[in-house]
Number of protein chains: 2
Amino acid sequence: MKLGEGVEQAIHSVAMLSSLSEGGVLSAAAIAEFHGVSTSYLLKHLQALSGAGILDTVPGPKGGYRLARKPADITLLDIVLSVEGPAPAFRCSEIRQRGPNPLPSRYFAKPCGISAAMLKAEQVYRAELAKTTIADLGRTLAEVDDGGIAARGCAFLEIHERKTAR
Amino acid sequence: MKLGEGVEQAIHSVAMLSSLSEGGVLSAAAIAEFHGVSTSYLLKHLQALSGAGILDTVPGPKGGYRLARKPADITLLDIVLSVEGPAPAFRCSEIRQRGPNPLPSRYFAKPCGISAAMLKAEQVYRAELAKTTIADLGRTLAEVDDGGIAARGCAFLEIHERKTAR
DNA sequence: GGCAAATTACTCGGATACACATTGTCCGAGTGTCTCTGG
DNA sequence: CCAGAGACACTCGGACAATGTGTATCCGAGTAATTTGCC
């Protein structure tokens, strides 16, 4: 039960991209520098997000990444599934079939109760993640912020944001 | 987001131990043989369960493992936490502090909203796991069983179960 | 001076090494049981 | 025949390798801005 380090980076990156102006674009190098992480490694996850349809890419000079959807339409679940993969955490390897005297195959038609319970819990977990959107995160952040956090973000965007003709 | 293979083995082992008679004991080798998995590796997880107070160990010949509590008092969450460790899956590495111009430390007093949302989801996940007990699993298994599964288990226990003087 | 084409520099994208964690295995310590010997 | 001590065999417990996944990195393909030459 362990989530990769890239999940946190991906979420922060999406949250950051959500606060730039319409048509604005941010390069992966800028995001990595802002978060103090490896550029090449962050690229890997940004590509995954791009492939999942969460981010749009603008190639060429003055290019970069941009949200493909509205912040209210991007949930934490979308990001986690894109980065970690859609496979469930608990994989029932049908341990019942193994061993010296396995059960008849007709019992395997329905999944065992253990697998059902574990997957049910995971389903609840994902449903909870799907409740919060990027827009929600920005809203809750604004509540506790006295202006310092927003100021830092704006200052950084002022320097690194690129506005494309779209 | 991936759970270890040992989790499934551990749950199945506990479920198996829940169906033996009062004072009965099962050796790790027998459990491993029944499930067709590595004995030494299963031992590792059984030890973890023992350390967590879920199983009792009986040393010496005719020794083995036994449930330390009633099946109704053992939840899936207990087993998962024992095997996978109590650490949460999402670890906020406080990415905000890194980078060229970190935020003042006073903003770190409260966890960031991202971390809060992720941990909240995980809390829900664990709460769901805590709902189902080993007794529940046995009950649901009995509902779909026409006698074949129980027969196999009883036959195996008849051979390998050891009854200690306690 | 305006236009067009080649160049250039910057971006993302995928294929490639390194590190850590999980998986799998082994040998040693501990304990109850069995046996052998003495009374 | 009974009791006790010794040896034994079986158990769990922790320390030691091997594989798989995640982490980090590099170089190549593509594209838009730029520059330069021509009209």
Side-chain angles (χ1 to χ4, degrees), chain A residues 1-10 13 17 23-33 35-52 55-66 68 80 83-85 87 89-91 93 95 160-166, chain B residues 1-10 13 17 25-33 35-52 55-66 68 80 83-85 87 89-91 93 95 160-166:
Chain A
M1 191 65 182
K2 189 171 68 69
L3 263 66
E5 186 82 12
V7 175
E8 185 181 8
Q9 298 181 10
S13 299
L17 288 173
V25 159
L26 217 56
S27 75
I31 302 174
E33 181 193 351
H35 293 98
V37 298
S38 166
T39 303
S40 308
Y41 183 48
L42 180 64
L43 230 353
K44 189 188 188 77
H45 300 302
L46 292 179
Q47 290 172 17
L49 292 172
S50 171
L55 298 183
D56 272 343
T57 64
V58 177
K62 302 293 178 65
Y65 286 95
R66 175 178 50 191
V80 171
V83 175
E84 286 289 318
F90 182 82
R91 300 145 298 161
S93 60
I95 209 173
H160 295 279
E161 182 177 353
R162 288 95 181 270
K163 299 184 179 179
T164 63
R166 185 185 270 265
Chain B
M1 190 65 179
K2 192 172 66 69
L3 262 66
E5 186 82 11
V7 175
E8 185 181 7
Q9 298 181 11
S13 299
L17 288 173
V25 158
L26 217 55
S27 76
I31 302 174
E33 181 192 350
H35 291 99
V37 297
S38 165
T39 303
S40 308
Y41 184 47
L42 181 63
L43 228 357
K44 192 186 188 74
H45 299 302
L46 292 179
Q47 289 170 18
L49 292 172
S50 171
L55 298 183
D56 273 344
T57 63
V58 177
K62 302 293 177 64
Y65 286 96
R66 176 178 50 191
V80 171
V83 174
E84 287 288 317
F90 182 83
R91 300 145 297 161
S93 60
I95 209 172
H160 294 280
E161 181 178 353
R162 288 91 182 270
K163 299 183 180 179
T164 63
R166 183 186 273 265

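Letters A, B, ... are given to chains in the order of the sequence lines, protein chains preceding strands, and every chain is numbered from 1. Quick caveat, the model's predicted, so the values are computed rather than measured.
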**Student:** Provide the closest heavy-atom pair for B/Ser50 versus B/Tyr65 in the form atom of the first, atom of the second, distance.
**Tutor:**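 For B/Ser50 versus B/Tyr65, the nearest heavy atoms are CB-CE2, 4.3 Å.
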
**Student:** Compare every heavy atom of B/Ser13 with every heavy atom of B/Leu42, then report the nearest pair and how far apart it is.
**Tutor:**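 Of all heavy-atom pairs spanning B/Leu42 and B/Ser13, the closest is CD1-OG, 3.6 Å.
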
**Student:** Which atom pair, heavy atoms only, marks the closest approach of A/Glu8 to B/Ser93?
**Tutor:**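 That closest heavy-atom pairing would be OE1-OG, 2.8 Å.
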
**Student:** Determine whether a donor-acceptor pair (N or O, by modelled atom type, separation under 3.5 Å) exists between the side chain of B/Arg66 and the backbone of B/Gly64.
**Tutor:**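 No; judged by distance alone, with no hydrogens or angles, the pair does not exist.
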
**Student:** Identify, with sequence neighbours excluded, every residue that meets side chain to side chain contact (heavy atoms under 4.5 Å, CB included) alongside B/Ala29.
**Tutor:**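 With neighbours one apart ignored, the set is B/Ser27, B/Thr39.
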
**Student:** Which atom names give the shortest non-hydrogen contact between A/Leu43 and A/Ala28, and what distance separates them?
**Tutor:**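 Closest pair (atom of A/Leu43, atom of A/Ala28, distance): CD1-CB, 3.8 Å.
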
**Student:** Would you please confirm or rule out a distance under 4.0 Å between OP1 or OP2 of C/dC10 and any side-chain N or O of A/Arg162?
**Tutor:**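 Indeed not, no polar side-chain atom of A/Arg162 lies that close.
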
**Student:** Within the sub-3.5 Å range, which N or O atoms of nucleotides 3-5 of chain C have a protein N or O partner, and how far apart are they?
**Tutor:**
none

**Student:** How does each nucleotide of nucleotides 12-28 of chain C score, in 5' to 3' order, for protein heavy atoms under 4.0 Å: base (B), sugar-phosphate only (S), or none (-)?
**Tutor:** SBB--------BBBB--

**Student:** Which heavy atom of B/Glu84 sits nearest a heavy atom of B/Leu3, and at what distance?
**Tutor:**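 Shortest heavy-atom separation between B/Glu84 and B/Leu3 comes out as OE2-C, 4.1 Å.
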
**Student:** For A/Lys62 and A/Val25, work out which heavy atoms get closest and say how close.
**Tutor:**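 So the minimum-distance heavy-atom pair works out to O-CG1, 4.3 Å.
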
